[in-house]
There are 2 protein chains.
Amino acid sequence: MTLERPDRDEIDLSAVLHALSDPQRRRIVAELAASEVPRPCGSFAPAITKSTRTHHFRVLREAGLVEQWKEGTSKMSRLRRDDIDARYPGLLDSVLESTPVG
Amino acid sequence: MTLERPDRDEIDLSAVLHALSDPQRRRIVAELAASEVPRPCGSFAPAITKSTRTHHFRVLREAGLVEQWKEGTSKMSRLRRDDIDARYPGLLDSVLESTPVG
DNA sequence: TAAATGATACGACGATCATCGAACTTTGTG
DNA sequence: CACAAAGTTCGATGATCGTCGTATCATTTA
């Protein structure tokens with residue numbers, strides 16, 4: 001049961017660029033890209049508050065960058081790399097290349 | 001005599017992505033990329049006001065995307081494609097590919 | 001010198017943003 | 001049932017944003 005998200009064809013470039021323009025969100029995306037298995041939201045960006053993290057994940061999800069689904073008490077996240085790569089080839093690669101995961 | 005702008009090494013990814021997240025600015029960048037010779041600011045995005053255009057060009061210049069210099073009563077603009085490509089390879093190409101100049 | 005041209009400066013406006021804390025919901029577990 | 005864990009919701013706050021109109025400045029030209 002996946003949460004609502006835009007279809008691949010509806011992913012808007014302005015929304016994607018705006019979502020990636022925030023360092024915290026870019027860090028989350030970089031961590032998602034580097035991790036093999038999906039991880040719960042709480043394991044990302046521990047320096048910020050829970051509510052702020054919820055906000056950032058919603059922005060990422062509504063922009064089409066991230067897919068989310070519930071699993072127990074956690075909410076798992078996955079980078080929609082295939083969709084983004086198909087719609088905006090090279091964009092995510094170039095951004096990730098300049099975004100350290102640390 | 002060129003107006004103040006960040007050096008290549010100081011171009012910030014957040015600023016670049018934020019600058020490109022606005023459709024009007026992306027359109028200006030696309031037009032700049034498509035035009036061979038530099039053009040005055042006034043020849044871009046005729047649908048918006050002069051003051052708004054000035055604002056957009058300042059955002060683009062401070063982000064490092066555009067270089068500007070005065071020439072008579074006009075202000076000319078040039079896309080800093082070499083600098084952006086060197087600092088964030090592939091980024092501008094992928095964005096321009098999805099941004100129609102029309 | 002006076003007029004015209006091209007762009008900037010200065011508020012101002014509503015909108016959106018990132019962040020927070022406190023209260024709440026949902027799910028799993030003793 | 002009671003408790004804990006993980007997220008969400010709901011204001012609220014201060015900041016920034018895109019846009020505008022008007023006034024102003026700099027430069028060229030008549």
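In the text below, chain A, chain B and the rest are named by the order of the sequence lines, each starting its count at 1. Please read all numbers here as calculations on a predicted model, not as lab measurements.
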Between [N] atom [atom2] and [X] atom [atom1], what is the distance in whole Å?
| X | N | atom1 | atom2 | answer |
| --- | --- | --- | --- | --- |
| B:Arg27 | D:dT19 | CZ | P | 12 Å |
| B:His18 | C:dT16 | NE2 | C1' | 11 Å |
| A:His55 | D:dT8 | NE2 | P | 13 Å |
| A:Leu60 | C:dC17 | CG | C1' | 14 Å |
| B:Lys70 | D:dT27 | NZ | C1' | 7 Å |
| B:Ile48 | D:dG21 | CD1 | C1' | 15 Å |
| B:Phe57 | D:dG18 | CZ | P | 15 Å |
| B:Arg53 | C:dT8 | CZ | P | 10 Å |

Legend entry - Residue mapping more 5' on DNA chain C - nearest nucleotide basis, A:Lys50 or A:Ala47: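 Its nearest nucleotide being more 5', the pick is A:Ala47.
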Legend entry - Distance-only side-chain donor-acceptor flag, A:Arg61 / A:Ser77, under 3.5 Å: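 Side-chain D/A pair, A:Arg61 to A:Ser77: absent.
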Inset, instruction - State whether a side-chain donor-acceptor pair under 3.5 Å links A:Trp69 with A:Glu67. - result: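 There is no such pair between these side chains.
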Legend entry - Cluster link B:Leu65 to B:Tyr88, ILVMFWY, side chain under 4.5 Å: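 Yes: a chain of side-chain contacts under 4.5 Å links B:Leu65 to B:Tyr88.
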Legend entry - Pair A:Glu31 + A:Arg39: basic N to acidic O under 4.0 Å: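 Salt bridge between A:Glu31 and A:Arg39, a charged N being under 4.0 Å from a carboxylate O: yes.
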Inset, instruction - Using a strict cut-off of less than 4.0 Å between a Lys/Arg side-chain nitrogen and an Asp/Glu carboxylate oxygen, indicate whether A:Arg87 and A:Asp7 qualify as a salt bridge. - result: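 Result for this pair is no, no salt bridge flagged.
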Inset, instruction - Please determine, for the side chain of A:Thr49, which listed nucleotide (D:dT19, C:dC20, C:dA7) has the closest atom? - result: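 Nucleotide nearest to A:Thr49's side chain: C:dC20.
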Legend entry - Nearest to side-chain heavy atoms of A:Thr52, which nucleotide of C:dT19, C:dA7, D:dG18: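 Of all the options, the side chain of A:Thr52 is nearest to C:dT19.
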Inset, instruction - Record whether the side chain of B:Ser51 comes under 3.5 Å of the base of D:dG21 through a donor-acceptor pair of N or O atoms. - result: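 By the distance-only test, yes, there is a pair.
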Legend entry - Under 3.5 Å donor-acceptor pair, B:Lys75 side-chain atoms to C:dG6 base atoms: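 By the distance-only test, no, there is no pair.
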Legend entry - First encountered from the 5' end of DNA chain D, between A:Ser74 and B:Gly72: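 Nearer the 5' end of the strand: A:Ser74.
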Inset, instruction - Taking only the side-chain nitrogens and oxygens of A:Thr54, find out if one of them lies under 4.0 Å from OP1 or OP2 of D:dT8. - result: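 For A:Thr54, the contact criterion (side-chain N or O under 4.0 Å from OP1 or OP2 of D:dT8) is met.
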